[in-house]
Colleague: 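Please see the structure below; I have some questions.
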Amino acid sequence: MKEPSKATKTVWGGEPRKLWEGATQIPVVMSVGYGYQDLDEWYEVAQEKRHGHIYSRNTNPTVQAFERKVAELEGAESATAFATGMAAISGILHTFLKPGDRVVSIKDTYGGTNRIFLDFLPELNIEVKLCPTTDHDEIEKEIAKGCKLLYLETPTNPTMKVVDIKRLSEAAHKVGATVVVDNTFATPINQNPLSLGADLVLHSATKFLGGHADALGGVVAGSAELVKKVYGYREIHGATLAPMSGYMLLRGMKTLALRIERQNSNARKVAEFLAGHPDIDKVYYPGLPSHPGHDIASKQMKGFGGMLAFSHKRGFDVLKRILPSLKYAHLAANLGAVETTVGVPRTTSHVESTPEQREAMGIPESLVRYSAGIEDPDDLIADLSQALESVNMAGASV
Ligand SMILES: *Cc1c(COP(=O)(O)O)cnc(C)c1O
């Protein structure tokens with residue numbers, strides 16, 4: 001039989017067929033420890049010579065099923081889960097970077113990742129070089145100077161910049177660097193960084209993988225050798241994924257392929273609607289041919305994802321009326337859920353930057369980040385249309 005497709009893997013992947021008492025769903029194993037009647041067997045499990053579990057900070061059957069499902073979807077040998085996406089990111093960085101090492105990355109990484117690069121790694125005498133995100137020549141130049149790690153994210157938050165994973169992985173491997181990609185925005189349905197040359201791929205499972213905005217989690221996948229190193233760090237530092245969260249993420253993932261298909265198409269339809277709206281200044285969506293990253297995205301992504309952003313011609317203040325007028329969107333900081341969610345970088349992710357700094361980062365004051373849910377696209381467009389119109393009506397006071 002041929003390799004099953006991703007839609008099949010989201011449902012069946014990583015799930016043992018023989019479960020407790022014939023259960024068809026993975027049980028939530030809340031046990032902290034695992035008992036053995038035989039010291040030899042216990043010893044063999046501890047030595048990883050035999051399948052089993054010792055203590056749930058290390059491994060847990062529910063969490064393991066989640067890890068295996070992600071590994072299958074990313075085409076990886078192995079995966080290890082964390083309590084949050086940030087725990088996964090800091091776990092990777094601290095596993096591979098030691099004092100005196102150098103890491104090359106991009107300016108547009110997720111806010112928390114950027115804080116680790118700017119505030120925490122330099123304190124450990126780790127040199128961090130953050131390059132202009134889409135300047136591939138410049139990134140290659142910095143890689144060629146030597147680095148231990150190349151850390152990428154694509155598409156980026158919030159302006160959906162696209163980075164060429166294959167090209168930069170080749171450059172990194174020439175200097176012996178390990179390549180890490182945050183694949184949260186794309187999801188394994190749309191993009192598999194390992195198949196493009198990356199060594200490790202990570203997700204904030206809190207977002208699209210879980211898909212229901214009700215469980216935090218993170219996960220790292222790659223070769224058994226590299227994942228074992230990251231696992232070794234996580235096991236001791238303790239940011240383990242809780243079994244209940246593991247179960248909820250696993251359950252969310254059953255519909256991942258279906259959800260992403262719908263979110264890809266909803267985001268594209270919303271982006272096309274906004275691109276044709278007279279009040280909208282700019283739309284940022286890699287699926288639009290006008291987007292600067294469209295060509296690279298077309299090569300490395302199977303779908304363009306559920307995330308987009310747009311700016312309003314009349315600046316920030318009109319958003320105070322427009323966004324609360326949306327009937328089918330949460331005004332909230334998360335993304336990737338079944339409900340549409342909107343956020344404003346000016347008052348959320350980039351609130352600490354000055355208007356000048358935001359401008360230098362290419363983030364207009366009136367930028368809105370839009371995470372398309374799985375609603376009917378016509379309803380989403382009608383909703384956006386009435387909300388945008390609400391500031392144009394006679395007597396509107398903004
Ligand atoms: C949310 C997010 C993270 C951090 O994940 P948490 O689960 O919130 O810790 C990392 N990277 C990206 C791209 C994200 O969107």
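We count ligands from 1, going down the list as the structure has it; atoms in each ligand are counted the same way. In what follows, every heavy atom counts, from backbone to side chain, and hydrogens, waters and symmetry copies are set aside.
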Colleague: May I ask which of Thr206, Thr154, Asp182 has a heavy atom nearer to atom 7 (O) of ligand 1 than the others do?
Modeller: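 The nearest heavy atom belongs to Thr206.
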
Colleague: Determine, for Lys313 against Glu365, whether the closest basic-nitrogen to carboxylate-oxygen distance falls under 4.0 angstrom.
Modeller: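 Salt bridge: no.
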
Colleague: Return the residue, atom name and 0.1 Å-rounded distance of the protein heavy atom closest to atom 4 (C) of ligand 1.
Modeller: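 For atom 4 (C) of ligand 1, the nearest protein heavy atom is Tyr110 CE2, 3.4 Å.
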
Colleague: Looking at Arg167 and Asp137, does any basic side-chain N land under 4.0 Å from a carboxylate oxygen?
Modeller: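 Salt bridge present between Arg167 and Asp137.
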
Colleague: Could you tell me whether Ala87 and ligand 1 have an N or O pair separated by under 3.5 Å?
Modeller: no

Colleague: Look at the aromatic rings of Tyr36 and Trp42 and report parallel, tilted or perpendicular, splitting at 30° and 60°.
Modeller: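 Answer is parallel, since the angle falls under 30°.
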
Colleague: Which of the numbered atoms in ligand 1 are under 4.0 angstrom from any heavy atom belonging to Glu153?
Modeller: 13 (C)

Colleague: Please state which protein non-hydrogen atom is closest to atom 5 (O) of ligand 1 and give its distance, to 0.1 Å?
Modeller: Ser204 OG, 2.9 Å

Colleague: Can you tell me the protein heavy atom closest to atom 2 (C) of ligand 1 and the distance?
Modeller: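 Here the closest protein heavy atom is Lys207 NZ, 2.5 Å.
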
Colleague: Are Lys254 and Glu15 within salt-bridge range, i.e. N to O under 4.0 Å?
Modeller: yes

Colleague: If you measure from the Lys or Arg side-chain nitrogens to the Asp or Glu carboxylate oxygens, is any gap between Glu272 and Lys269 under 4.0 Å?
Modeller: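 Looking at Glu272 and Lys269, the cut-off is not met.
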
Colleague: Show me which atoms of ligand 1 lie under 4.0 Å from any heavy atom of Gly85.
Modeller: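 Here the atoms of ligand 1 in question are 5 (O), 6 (P), 7 (O), 9 (O).
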
Colleague: Side chain, backbone, both or neither: which applies to Asn157 and ligand 1 if a contact is any heavy-atom pair less than 4.0 Å apart?
Modeller: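 Neither part.
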
Colleague: Could you tell me whether Arg50 and Glu44 make a salt bridge, using a distance below 4.0 angstrom between a side-chain N and a carboxylate O?
Modeller: yes

Colleague: Indicate the ring-plane relationship of Tyr233 and His237, choosing parallel, tilted or perpendicular according to the 30° and 60° boundaries.
Modeller: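 Parallel.
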
Colleague: Any idea which atoms of ligand 1 are less than 4.0 Å away from a heavy-atom of Ile89?
Modeller: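 Near Ile89, meaning under 4.0 Å from one of its heavy atoms, ligand 1 has 10 (C).
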
Colleague: When you measure from atom 9 (O) of ligand 1 to every protein heavy atom, which one gives the shortest distance, and what is it?
Modeller: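 Here the closest protein heavy atom is Met86 N, 2.8 Å.
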
